[in-house]
Amino acid sequence: MILTDTLLDFFLETRQHTEHICQPLEIEDYVVQPIVDVSPPKWHLGHSTWFFEEFILKPHAENYRLFSDDFAFVFNSYYETVGKRVIRSDRGNLSRPSVEKVYEYRSYVTDAINRLFADGQNRHLNDLLEIGIHHEKQHQELLITDIKYILGNNPLLPIYSENFEEHVVENHEQDWIPVVEGIYEIGHDSEDFCYDNELGRHKVYLQPFEISNKLVTNAEFIAFISAGGYNNFQLWHAEGWDWVNQNNIKSPLYWHNIDGEWFYYTLNGLQKVNPEAPVTHISYYEAFAYAQWKGYRLPTEFEWETAQKYFPWGKRWEWTESAYLPYPNYQKAEGALGEYNGKFMVNQKVLRGASVATSKKHTRHTYRNFFQPSLRWQFTGFRLAH
Ligand SMILES: [Fe+2]
């Protein structure tokens, strides 16, 4: 638990950083929703603000007046407990409230939280404030990946920023890290913040295994493409093979073959694929097929957590072989916040690590991210195991 003063600083810094991410955008960029998984930047700005208003200010701030009676309907994401909301696929149809109004809303709520916590009277609400801050940090990552999708699917391929470094190369030689068989403890075990899905620390038995100290690179993935990996049904799950064929997938997301050479859209604009950089924007299906092709496999999330202290991580969300399931004795939080994680524990794969888009102070070796196996717009990658 962080003391209130530092927590309030953490809150203010987080609020500012979200707006800093949006600073290079043109007004028109704030409103677009090219696919259902991608939310308009304006919606992220409003939704992360609504979270503080709905779960802290409305129930706990005396005489608090809502900024707008309509905003819960517009900015509630998926909380059935809270009530009706704009359906996800309609977020891009919201030409109102205006971007200007949403920035006013942000200031209004930031000021109200500041007043509520400033005098140190409300330390019993610190846990709620902390989850609100981490929630906004999750949305900072989504903002970056959603902005990339919006700009990367604009035919003009506009540059977001010259300074965003996506392709951090791992310079070390590839090697295998052996882990002996045994019983290992999995899950969060400190007083620091974590989500409920990391709790229920428990023991697992692991067979002996080896895990790569390095992520699979673009050069290695190009070898898979050149060898016909996308045309060989034997490498794919049935569901993955259907996905490849129905969507005519021939390469990772954002890749363009121009006169026989591979380029990709990055937040710095269109660039030649860097062969040394870790491959990214691939689905679980592609990671699995590549591993099949090489005669290896993906690590389970338990193997990853056990071995992570022996390799660098944090550049790419790493697909694992594990289904997203509750740990033993998992308890979801009470009330509306119980909807944060638990209800998504079906038909998704766990990703471990963090990515170049993950906000600082939002990474942990026990962090469990999760997505449907076909999704590629996050900075996803993978390492092999056997
Ligand atoms: Fe959210």
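Numbering of residues begins at 1 and proceeds along the displayed sequence. We count ligands from 1, going down the list as the structure has it; atoms in each ligand are counted the same way.
A search for ring-ring contact (aromatic ring centres under 6.0 Å, His included) contacts involving Phe344 returns Tyr78, not counting sequence neighbours. Residues passing the side-chain contact (heavy atoms from CB on, under 4.5 Å) test with His20, sequence neighbours excluded: His17.
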Using a 3.5 Å cut-off and no angle test, enumerate the donor-acceptor pairs between side-chain atoms of residues 175-186 and protein atoms at least two apart in sequence or in another chain.
residue, atom, partner, partner atom, Å
Glu181, OE1, Tyr205, OH, 2.3
Tyr184, OH, Val180, O, 2.6
Glu185, OE1, Arg201, NE, 3.0

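Between Arg368 and Glu301, at least one side-chain N (NZ, or NE/NH1/NH2) sits under 4.0 Å from a carboxylate O, which counts as a salt bridge. For the pair Arg15 and Glu136, the salt-bridge criterion is met [side-chain N within less than 4.0 Å of a carboxylate O].
Among protein atoms, those of element N, O or S found less than 2.8 Å away from the Fe ion (ligand 1) are His47 NE2, His135 NE2, His139 NE2.
Only one option out of His362, His188, His135, His134 pairs with Phe193 in a ring pair (Phe, Tyr, Trp, His ring centres under 6.0 Å); it is His134.
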